[in-house]
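Presented below is the structure to which this report refers.
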Amino acid sequence: SQLITINPWDKSTIAAIEKAILSSELGITPSNDGNLIRLSLPPLTEERRKELTKVVHNLGEEAKVSIRNIRREANEDLKKLKDDGKISEDDYFREHDVVQKVTDDHTKKIDEIIKAKEEDLMSV
């Protein structure tokens, strides 16, 4: 239960897979025998659990930033439609509120996922 093996179909991708694992912030060093990559997972100490919690939090923040960027782009598109006269000002504000509601809903879901994963990591 402490060893993960990766056996890619295309053996030429082993180097890329190994490089990706090394560049990740997981703190796992892969061993490569030419056909198979082995990942030895250390037991989770309290310190390691806290590190993984930080990684989860950072990934969640990146997801929320992406959602906010999508919201900004949607609002810019709505403003362009309003300025071009393709939608009325009432429609603009109505759709602007819809975009904000969808953004808030997805941000809340991300917060819930982060919280659940943090609780899962910190439980022994």
Side-chain angles (χ1 to χ4, degrees):
S1 67
Q2 303 231 341
L3 183 69
I4 296 176
T5 57
I6 302 171
N7 188 7
W9 288 97
D10 184 5
K11 303 301 181 198
S12 66
T13 61
I14 287 181
I17 293 169
E18 188 175 21
K19 183 178 177 183
I21 293 169
L22 284 170
S23 67
S24 71
E25 296 178 8
L26 296 175
I28 298 172
T29 305
S31 66
N32 174 3
D33 68 1
N35 293 321
L36 193 67
I37 297 175
R38 289 182 181 86
L39 304 174
S40 179
L41 300 176
L44 290 178
T45 62
E46 185 70 24
E47 180 181 325
R48 182 70 178 142
R49 290 175 194 273
K50 288 180 181 179
E51 288 174 13
L52 290 174
T53 301
K54 288 179 185 177
V55 170
V56 168
H57 185 72
N58 288 339
L59 291 173
E61 286 302 315
E62 288 176 16
K64 288 195 266 186
V65 167
S66 296
I67 289 172
R68 288 191 292 266
N69 286 338
I70 292 168
R71 176 190 60 193
R72 180 181 42 79
E73 291 170 8
N75 285 337
E76 288 172 359
D77 291 344
L78 285 171
K79 183 164 176 42
K80 185 172 180 351
L81 288 172
K82 183 186 83 161
D83 292 344
D84 291 345
K86 295 183 179 178
I87 61 171
S88 68
E89 194 164 329
D90 289 340
D91 290 339
Y92 168 77
F93 286 112
R94 188 177 315 114
E95 294 304 317
H96 189 273
D97 291 342
V98 168
V99 168
Q100 184 61 46
K101 183 180 181 323
V102 169
T103 301
D104 293 341
D105 290 345
H106 284 81
T107 302
K108 184 179 175 184
K109 286 179 185 178
I110 289 172
D111 287 335
E112 291 169 359
I113 291 168
I114 291 170
K115 183 178 176 186
K117 193 57 172 174
E118 287 176 350
E119 289 174 1
D120 183 37
L121 284 170
M122 295 309 287
S123 66
V124 177

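Computed from a prediction, not measured in an experiment: that's the story for all the values here.
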task = Return the minimal non-hydrogen interatomic distance between Ile110 and Ala63, and the atom names on each side.
result = CD1-CB, 3.6 Å
task = Assess whether side chain to side chain contact (heavy atoms under 4.5 Å, CB included) is satisfied between Asp104 and Gln100, documenting all intermediate values.
result = CA-CA 6 Å; Asp104 293 341; Gln100 184 61 46; 2.8 Å; yes
message = So, taking the atom named CZ in Arg49 and the one named OG1 in Thr45, what distance separates them when rounded to the nearest 0.5 Å?
response = 8.0 Å
message = Asp84 vs Lys80, test: salt bridge (charged side-chain N to carboxylate O under 4.0 Å, His left out). Steps then yes/no.
response = CA-CA 6 Å; Asp84 291 345; Lys80 185 172 180 351; 3.3 Å; yes
Short N-O contact, Lys101 and Asp97, less than 4.0 angstrom = no
remark   = Between the CG atom in Asn32 and the NZ atom in Lys19, the distance rounded to the nearest 0.5 Å is 14.5 Å
ask   = Just wondering, do Ile4 and Arg38 contact through their side chains at under 4.5 Å, heavy atoms?
value = no
inquiry  = Show the nearest heavy-atom pair for residues Pro30 and Leu22, with the distance to one decimal.
reply    = CD-CD2, 3.5 Å
inquiry  = Please give me the minimum heavy-atom distance between Leu121 and Val56, naming the atom from each residue.
reply    = CD1-CG2, 3.8 Å
inquiry  = Within the supplied structure, the quantity of interest is the number of heavy atoms (other residues, nucleotides, ligands) at a distance under 6.0 Å from Lys50 NZ; does it exceed 12?
reply    = no
query = Say you draw a straight line from CE of Met122 to CG of Leu44; how long is it, rounded to the nearest 0.5 Å?
reply = 10.0 Å
task = Report the distance from atom OG1 of Thr103 to atom CZ of Arg68, rounding to the nearest 0.5 Å.
result = 10.0 Å
request  = For the pair Lys117 and Asp120, find out whether any cationic side-chain nitrogen is under 4.0 Å from an anionic carboxylate oxygen.
outcome  = yes
key: Distance (rounded to the nearest 0.5 Å) between Lys54 NZ and Glu51 CD   = 7.5 Å
Side-chain donor/acceptor pairs under 3.5 Å, residues 86-95, sequence neighbours excluded:
residue: Ser88; atom: OG; partner: Asp91; partner atom: N; Å: 3.1
residue: Ser88; atom: OG; partner: Asp91; partner atom: OD2; Å: 3.3
residue: Asp91; atom: OD1; partner: Arg94; partner atom: NH1; Å: 2.5

Shared hydrophobic cluster for Ile6 and Leu41 (ILVMFWY, side-chain gaps under 4.5 Å) = yes
ask   = Would Asn69 and Glu73 count as having a side-chain donor-acceptor pair, cut-off 3.5 Å?
value = no
task = Can you see which heavy atom on Leu78 is nearest to which on His96, and at what distance?
result = CD1-N, 3.8 Å
query = Taking the hydrophobic residues Ile, Leu, Val, Met, Phe, Trp and Tyr, and joining any pair whose side-chain heavy atoms are under 4.5 Å apart, which ones share a cluster with Leu59?
reply = Val55
request  = Side-chain contact test, heavy atoms from C-beta onward, threshold under 4.5 Å: evaluate it for Thr29 versus Leu39 and give yes or no.
outcome  = no
query = Do the charged groups of Glu61 and Lys64 touch, with an N to O distance under 4.0 Å?
reply = yes
request  = Could you tell me whether a side-chain N or O of Asp33 sits under 3.5 Å from a main-chain N or O of Leu36, the two making a donor and an acceptor?
outcome  = yes
query = Is a salt bridge present between Arg72 and Glu76, judged by a nitrogen-to-oxygen distance below 4.0 Å?
reply = yes
key: Side chain to side chain, Ile37 and Ser31, heavy atoms closer than 4.5 Å   = no
